[in-house]
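Taking it in order: structure first as structure tokens, then the write-up.
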Amino acid sequence: MPASAVLSATGIVKTFPGARALDGVDFELRRGEVHALLGENGAGKSTLIKCLTGAYRRDGGRVELDGAPIDPRDPLDAQKLGIGTVYQEVNLLPNLSVAENLYLGRQPRRFGFVAPREMNRRARALLSAYEMDIDVTAALSSYSVAVQQVIAIARAVDLSGKVLILDEPTASLDAQEVRMLFRIVRDLQARGLGIVFITHFFEQVYAISNRITVLRNGRLVGTRETESLPRKDLVTMMLGHELHAAEQAGETKAESSGPVRYAFHGLGKAGRVKPFDLEIRQGEVVGMAGLLGSGRTETAELLFGVETADSGTAECEGRRLSLSSPRAAIAQGFGFCPEDRKVDGIIGDLSVRENIALALQARRGWMRPLSRKEQDALADRYIKALDIRTTDREKPIRLLSGGNQQKAILARWLATNPDFLILDEPTRGIDVGAHAEIIRLIESLCAQGMSLLVISSELDELVAYSSRVIVLRDREHVAELVGGDVSTENIVEAIAGQERRRAS
Amino acid sequence: LFGSAHAADMTVGFSQIGSESGWRAAETTLTKQQAEKRGIDLKFADAQQKQENQIKAVRSFIAQGVDAILIAPVVATGWDEVLTEAKDAKIPVILLDRTVDAPKDLYMTAVTSDLVHEGNVAGKWLVDTVAGKPCNVVELQGTTGSSPAIDRKKGFEQALKGHDNLKIVRSQTGDFTRTKGKEVMESFLKAEGGGKNICALYAHNDDMAVGAIQAIKEAGLKPGKDILVVSIDAVPDIFQAMAAGEANATVELTPNMAGPAFDALAAYKKDGTMPPKWIQTESKLYTQKDDPKAVYEQKKGLGY
Amino acid sequence: MNAKTLPLIATLVIFIAAFAICTLQYPTMLSTRVIGNLLTDNAFLGIAAVGMTFVILSGGIDLSIGSVIAFTSVFLAVMLEGTSIHPLLAFVLALAITTAFGALMGAIIHFLEMPPFIVTLAGMFLARGMAFVLSIDSIPIRHPFYATLKSAYWVMPGGGRLTLIGGAMLLVFLAGIIIAQRTRFGTNVYALGGGAHTAALMGVPVGRTTIGIYALSGFVAGLSGIAYSLYTSAGYSLATVGVELDAIAAVVIGGTLLTGGAGFVGGTLIGVLIQGLIQTYITFDGTLSSWWTKILIGGLLFAFILLQKGILSLSSGRRRLTMKGA
Amino acid sequence: MSGAKALGRRLLPQCVALAAILILIWFNFPGFFAIEMQNGRLYGSLIDVMNRGAPVALLAVGMTLVIATRGIDLSVGAVMAICGAVAAASSVRGDPLAVTLVMSLGIGLLCGLWNGVLVAILNIQPIVATLVLMVAGRGIAQLITEGAILTFNDPGLIFIGSGSLFGLPMPVVLWLVFGIAVALIIRRTALGLLIEATGVNRRAATLSGIQAPAFLIMAYVLSGLCAALAGLIVTADIRGADANNAGLWLELDAILAVVVGGNSLLGGRFSIIASLIGAMIIQAVNTGILLSGFPPEFNLIIKAAIIVLILLIQSPRLSHLAAFVRPAGPAAPAQGKSVAGGASAGDARDIKKLERTAS
Ligand SMILES: Nc1ncnc2c1ncn2[C@@H]1O[C@H](COP(=O)(O)OP(=O)(O)OP(=O)(O)O)[C@@H](O)[C@H]1O
Ligand SMILES: Nc1ncnc2c1ncn2[C@@H]1O[C@H](COP(=O)(O)OP(=O)(O)OP(=O)(O)O)[C@@H](O)[C@H]1O
Ligand SMILES: [Mg+2]
Ligand SMILES: [Mg+2]
């Protein structure tokens, strides 16, 4: 029914040098619907919305808004047309204040000059709808990724007169924030906006969307009503085949019987993480759960020497370890896959091959270069093993889709063959197929004797592979669930604690 | 804090252009020596080749209430205002080395050589030396836009006027430096048939000439014979070249400008004698005949 | 208190402390005369540094300003001595040229995606080259209007003068502060400095802003050229060599990050004054040789940067502690 | 092999630009390519270009590495002056040549170390950090020479400036050997990769276990060493240390050479060979201007115009446009009724936008 279509695209083509990212894709968004856009990593979802909003110029095809053809030349054009967008990586300006980010380009003015007080007032009002009471004059960079994500959403929602596009908005949000986001989305939906929603979380797809469009390798697979599309069929649509054995939750859970390999006593840093004790056994997966800002990333950074602890000791099989820098930690066989891949992970201009070889090369030192052949072999092995979608291994990594970048960084650490690997949100932005892939990988890694510490906001996932789960609240390790106690309910309970208080 | 050993009865501010050449360094050294000899407390300010810094320095001298100010102006224009301020503060100003484009009542006197005249002397020497034979001259200019470059070019061209046997075939800037003098000379030699078409080189200062001499030698020619070399300044190194027969003539620009200036100042302080508005220093021509070796020995300790 | 204003405050504290130390050594330094000189003598640098601040805030750099100042002064001198047009008209013409010149560089930077460093380096060669072509001689400006403008000063108590150009510099700074803090253009400049790609995705008109920034810098350099020509009553094609580096140093000492996105126009004023102070101190001392002057300027520059870093890291340490308490 | 082919493709624009400039000069000055043997050394304008370009070429080697780390070194000109002065002073004092060389190069290393420490350890922004030495360095050099030109007669030292080896002037031999050696070392070890990683994303590089400060310092130290060599050459060339003018503004030429060589000022990917060609392009322009016989007032305008032209030719934007005119490869916009005519140009632009801002 074209009458109710607010945004429709037909035959969208987008070619990058060496790769056709979109090949004649049709897409229709109706008024008052939540339309999920799904597909594997690198299927072309982000590229499609960038073409719709003018961030990329499309090579072919037609876009109509309310029946009239449009051709936004840049995101500003799209904004003016009433299309608000949250792009995949948080795309806000770290140096500007929260309020300035929210009102960039449309600051309230008095006598022709920006009125900061009015702007800040409005910003506070806007954010209060998201239950966020923060200092809007502080620089955006002083907030965590999650807070930034909420701000980005708030901005896009405020901008969207007709269409709201959300590219993986929930990747760094926890359950509570997701619920809040959904409440807002339903609100907008009721007001007749069309909403495009990209995610890799199936629960969320089924919780909120009305229709689903699936892309695969830059081609349209089809559009279905959500109700009439069982999960299994959806997976098949996305992957092009059925997903085997992926759902089998961790019955293979490693028995935490191996000897204690690493022991941390009273490790902590004033203002960051309260001192904590932690023991890691050989071949076990320790999960770490907590709300946003509860200090999980900080704990990981302490362990890896990114931040130096001001109290406590670290031991490996009785030996004292010095964790003064990442390099020192790596020398002890540590590895760390950071949460913010754009800032802490990828070396954007370097090729996929170089990114994968980097940590191994750094450990070997500059005098003992990996030969080109070794690097090629390494890259090829992991591109295959982790199914990294790239035209070739020499492509600059920044041109890869988000999920594929994540896999490449994982590959970087696997290549060093670490004894102890810390993964901070390893499955963020990764599609179902790869997700299953990575979980299987984690399991096989610890079967080979590697120890893992996995931080994740996906409790189900944690439950699936962790033999123990540490729960953090307010920068403090508050609980440790072992063996049979590891369950979603128990974790939620521990996180909530007695007073069900959120991070201030 | 720094009480001078001499009972300094006078404080004089000296705004120097900078230290862009050996000649300039010698001028600074001599000025300091002269001041010390007379028991004058000299406040020295180096302007790093910038007029604005010179103006700033003069203003601070006025603010400090010095007894007199010496300026070696980097450029002729733009001094009216600050000189007026000095005049209002009743501080006599003496210009060294170059004059300025300002009303004459704004400064007491100027101790300078005549830049145009220097070029003229060099030109005359060349005219006399070639004595009517046809001669292609190449010219190494000073820094484009600087007043010595403009005036020395003008004076030299004046001297050549009417002598059609002399022709300036190439003229490029060598920025007053040895390196550029050498580089530009190399290109002159290439451009003029390996140097066969060049009969004389005129350089706006000795440093460029010294560089050019090396270039000529490396091209397999004999400077001083195959190509005549005349330049200006009379720094020690050119006398060494002259002693070796590699340079022919130089026109002296004395670095001792402060001596006459201090003398004039002393006379004025004593009984109010006003010196003449222009104390011209001599532009002496040195040639092979003047025993360059001896001149070198005598000049070498002066901080060039 | 805002974390963003910290560098600014650090710089101010350092300036006041430095001035106090100088005054202790040379009591005459604390006079309105010295303060008036500080403003007048650094007026052209200060004015140009305002434009440089915007450029650097946006993550760019403008190496052409010294040459543009020289060009403007030569242009004015040639116009005023060679034709009979009124200085005000000449000012307008000069500003139009320099603004267009800046805009052109901005357009090249944006549309041809060339690095600002190189584009403005070429601009630097070009502007000075054009000045040479206009005249290699220095030309005095004797127009009576100049005399009128120069006699317009306010004698402060104590005999110091607040001259027209000194006042003009303060006005330009005021305007710069307002543009940076209170206009959408200003925020867009900061946005570009935070990341051009992100800014584009957020709907900042990158092209328009980039061209605007360099046009502004050109305009301000033109203004600075006018101030310089008033200052010296002359046009000289070799003037103000290397002023761009002084301006960059002033901007950085003023607490602006060269990577863009953080800093204040007001800080630049203090940066300029600090540089002026160093110069004044050296002349008051008057015992330094040419080389020691250079070494001392470099050393003091280093000391200021180090001090600033020290103050910043100290106070950020304290901030972290207070966060823990909260 | 593919590596060599990739290198060839990378260097193509620079080679084309160099050839174009040389041919342009040749039109103006027919004797330009003439080379003859004279006093056992090659002699001709082309040799002059290589000889006079030596300082900038050497500086460009170090500058390339510094720029690859996303830094910049403004102090190289001043370091040249210092090292030249040290060499001259030591030679005048009568030290043996080896001592002179070691002292001069050692001081260059120290200067680089100073810059490196400021940038890597004290985290001072590179432009300002090196500005300090740029300002003070010339003063230090003059302190050594006391403002005068310090002349010397040590034939060994002079040989470095105007001697010749295998018929080539010594400076040419030096920059060729040194430049190629550094390029080889960088590419045969992992240095290149690690430096590039540090330049693109220092934080991520540190998290991967790279000692970013060490590599930063190394880059500046190498730059100091290059400046010392360049300083030796210019000093030896005129048989005297001219503290005030040696290397004056040469830092800008060196940066220009790096950029003309197609390296990004934003750090990351670099090619030393390309920078060397860039240096030759710049020197060819300079020599061409000198040979042209134009009055010196026009020097700067000509130089500016040619630089803009070269960069325009290299501009990725224009080359993408060119690719559009002559469509080739798999990316050719074939089927589909293209909406916007210049779609492919826009496409190039998107990518460039991303490239420019990826940080
Ligand atoms: N600028 C670019 N240049 C070249 N190729 C690109 C560019 N941007 C994206 N691609 C390629 O286009 C394909 C689609 O990428 P896109 O970002 O749209 O994937 P996605 O569906 O959003 O994946 P994810 O779920 O991982 O975010 C990928 O193969 C990617 O490598
Ligand atoms: N809701 C919030 N309001 C204000 N500040 C917050 C909030 N959430 C997090 N922060 C800040 O973000 C910073 C980073 O927290 P951190 O990344 O350690 O949390 P985390 O447990 O790793 O959570 P996640 O990885 O899910 O973001 C903390 O310093 C905290 O002050
Ligand atoms: Mg995506
Ligand atoms: Mg985290």
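Letters A, B, ... mirror the listed sequences (proteins, then strands); counts begin at 1.
Here the side chains of D:V308 and C:V119 are not in contact, with every heavy-atom distance at 4.5 Å or above. Contact annotation: the side chain of D:I140 never approaches that of C:W291 to less than 4.5 Å [non-hydrogen atoms, C-beta and beyond]. Contact annotation: the side chain of C:L306 approaches that of D:I124 to within less than 4.5 Å [non-hydrogen atoms, C-beta and beyond]. Side chains of C:K294 and D:N244 form a contact here, defined as non-hydrogen atoms less than 4.5 Å apart. Two residues are said to be in side-chain contact when any heavy atoms from C-beta on lie closer than 4.5 Å; D:I127 and C:V252 fail this criterion. Contact check for C:F117 versus D:V259: no side-chain heavy atoms found under the 4.5 Å cut-off. C:F125 is listed as a side-chain neighbour of D:I307, based on a closest heavy-atom distance under 4.5 Å.
In this structure, no portion of C:L296 lies under 4.5 Å from any heavy atom of chain D. Only the side chain of C:I61 comes within contact range of chain D, judged by heavy atoms closer than 4.5 Å. With a 4.5 Å cut-off on non-hydrogen atoms, D:L74 touches chain C through its side chain but not through its backbone. Both the backbone and the side chain of D:L122 have a heavy atom closer than 4.5 Å to some heavy atom of chain C. Proximity to chain C is absent for every atom of D:L133, based on heavy atoms less than 4.5 angstrom apart. Both the backbone and the side chain of C:L258 come within contact range of chain D, judged by heavy atoms closer than 4.5 Å. Heavy atoms of D:L118 lying under 4.5 Å from chain C belong exclusively to its side chain. Of the two parts of C:I248, only the side chain, counted from C-beta on, holds a non-hydrogen atom closer than 4.5 Å to a non-hydrogen atom of chain D.
The shortest non-hydrogen separation linking C:G298 to D:A136 is CA-CB, 4.0 Å. The nearest pair of heavy atoms linking D:Q125 to C:T259 is OE1-N, 3.8 Å.
Between D:D253 atom CG and C:L121 atom CG the span is 8.0 Å, to the nearest 0.5 Å. Rounded to the nearest 0.5 angstrom, D:W249 CH2 and C:M124 CE are separated by 6.0 Å. Separating the CG atom in C:L126 from the NZ atom in D:K303 is a distance of 13.0 Å, to the nearest 0.5 Å. The line from CG of D:L300 to OG of C:S237 is 10.0 Å long, rounded to the nearest 0.5 Å. To the nearest 0.5 angstrom, D:L311 atom CG is 4.5 Å from C:M114 atom CE. Atoms CG and CE, from C:L245 and D:M134 in turn, are 5.0 Å apart once rounded to the nearest 0.5 Å.
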>> One pair to check against side-chain contact (heavy atoms from CB on, under 4.5 Å): C:F132 and D:N299. What are the steps and the verdict?
In response: CA-CA 10 Å; C:F132 279 144; D:N299 288 2; over 6 Å; no
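With respect to chain D, the highest number of heavy-atom pairs below 4.5 Å among C:I136, C:L301, C:I118 belongs to C:I118. Interface summary for chain D: among C:L63, C:I253, C:L257, the most heavy-atom pairs under 4.5 angstrom belong to C:L257.
Within a 6.0 Å sphere centred on CD of D:E146, other residues, nucleotides and ligands contribute 12 heavy atoms or fewer.
Panel note: side chain D:E297, backbone C:V133; no donor-acceptor pair is recorded below 3.5 Å.
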